[in-house]
Amino acid sequence: MTEITNQIRKIARDLLEKGEVSLFMAWEKGNQEHETRPFSARRSEETERLVFDQYSIHNLANGLLKYRDSKEKIGIVVKGCDSRGIVRLLEDNQIARERLYIVGVCCPGMKDPLQAARAASGLAPADAGNELAAKCRECLQPNPVIYDQLLGQEQPPRLPGERFERVKELEALSPDERYQFFEQELSRCIRCYACRQACVACNCRTCIFDEMRPQWVGRETSISDNMMYHLVRASHMAGRCVECGECERVCPVNIPLMLINRKLIKDVGEFFGPYEAGMKYEEGAKPPLSVYRENDPDDFL
Amino acid sequence: MKSLLEYFGLEAERYQTAWISGAEGIKFQEVMDKLVTDVHRLGPNRKLRDAR
């Protein structure tokens, strides 16, 4: 990882000095060992602060949205999951490919900073922070799918067992059992919208959940409003979720959001697929839910 | 959509989509009739009733 950090610093310095990019997005170290945070270098001196380590877990692709209206060229470091996020943004016409210089890193898997913080403060067993973060344990695509330059050794997918195992278990339950399950999980939701903010596919300028006139979705943290929120959020993710797992990671109340997203990935794959969102960027290519075909199935409408 | 509602344990029959043109009054009537019959068959909705 130190080697990758050095490579990143060198690339960033070169790009900034030559003026090929106006800013370079990667991570920097915080005060604690487990604290690594997104950082954009704008001057070549600042590149010394850039790092890539085992806590560089954030999906930086989402940060590009801040610059979607500018014309600046941007350098960015991506892991496998983040690179699918970039494809998401390109397909959604949120940013132009020419504006990006993408440094891909084959990701060995990240650790969960929150678990590490708990372990460090004694709130969890000392070894709790040692294993890979939940989203990385089920990683399908550790290697970047789009890049200008690739660093590190190619990694094998880390998904143990069956990808939709939990989804299938839930599907096998009775409707009432499923309702109870989601009622319990979603009753915790405090509607902080962290899942939306962290999501690279949530890139609408005006969000249905922010609209006040008319107010489409109630804002109470009651089970019905919460479920409505999650149903609507999830259906906007259909065929678009790149499985980076950020929503679930940032959720302060541990709602298993990927269970909902995976269900939709499974459904889109079955009804319109085979299809994987954000695996490959082809100019002009449309995801299945952006095109209409006469023979599209419609009995689930 | 239905598939997702079912996944959440809701009765998907309560939600129906139909394409009806402004000139298709009869079709509108038929669709509404069917919706009402379907919902009657399900009985009162007990889920998602806690708001306000």
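Just so it is clear: chains get the letters A, B, ... in the order the sequence lines come, proteins before strands, and each one is counted from 1.
- Using a 4.0 Å cut-off between charged nitrogen and carboxylate oxygen, A:Lys135 and A:Glu248 do not count as a salt-bridge pair.
- The existence of a salt bridge linking A:Lys168 and A:Glu162 is confirmed by a sub-4.0 Å separation between a basic side-chain nitrogen and an acidic carboxylate oxygen.
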### Task
Apply side-chain hydrogen bond (donor to acceptor under 3.5 Å, both in side chains) to A:Asn261 and A:Glu243, showing your working.
CA-CA 8 Å; A:Asn261 292 336; A:Glu243 261 187 298; over 6 Å; no
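- Heavy-atom proximity under 4.5 angstrom to chain B picks out A:Glu171, A:Pro175, A:Asp176, A:Arg178, A:Tyr179, A:Phe182, A:Leu186 from residues 171-196 of chain A.
- Using a cutoff of 4.0 Å between basic side-chain nitrogens and carboxylate oxygens, A:Glu138 and A:Arg262 are scored as salt-bridged.
- Within the 4.5 angstrom heavy-atom criterion, atoms from both the backbone and the side chain of A:Ile223 approach chain B.
- Between A:Glu270 and A:Lys266, at least one side-chain N (NZ, or NE/NH1/NH2) sits under 4.0 Å from a carboxylate O, which counts as a salt bridge.
- Residues B:Lys27 and B:Glu30 are not paired through a salt bridge, judged by the lack of any N-O separation under 4.0 Å between the basic side chain and the carboxylate.
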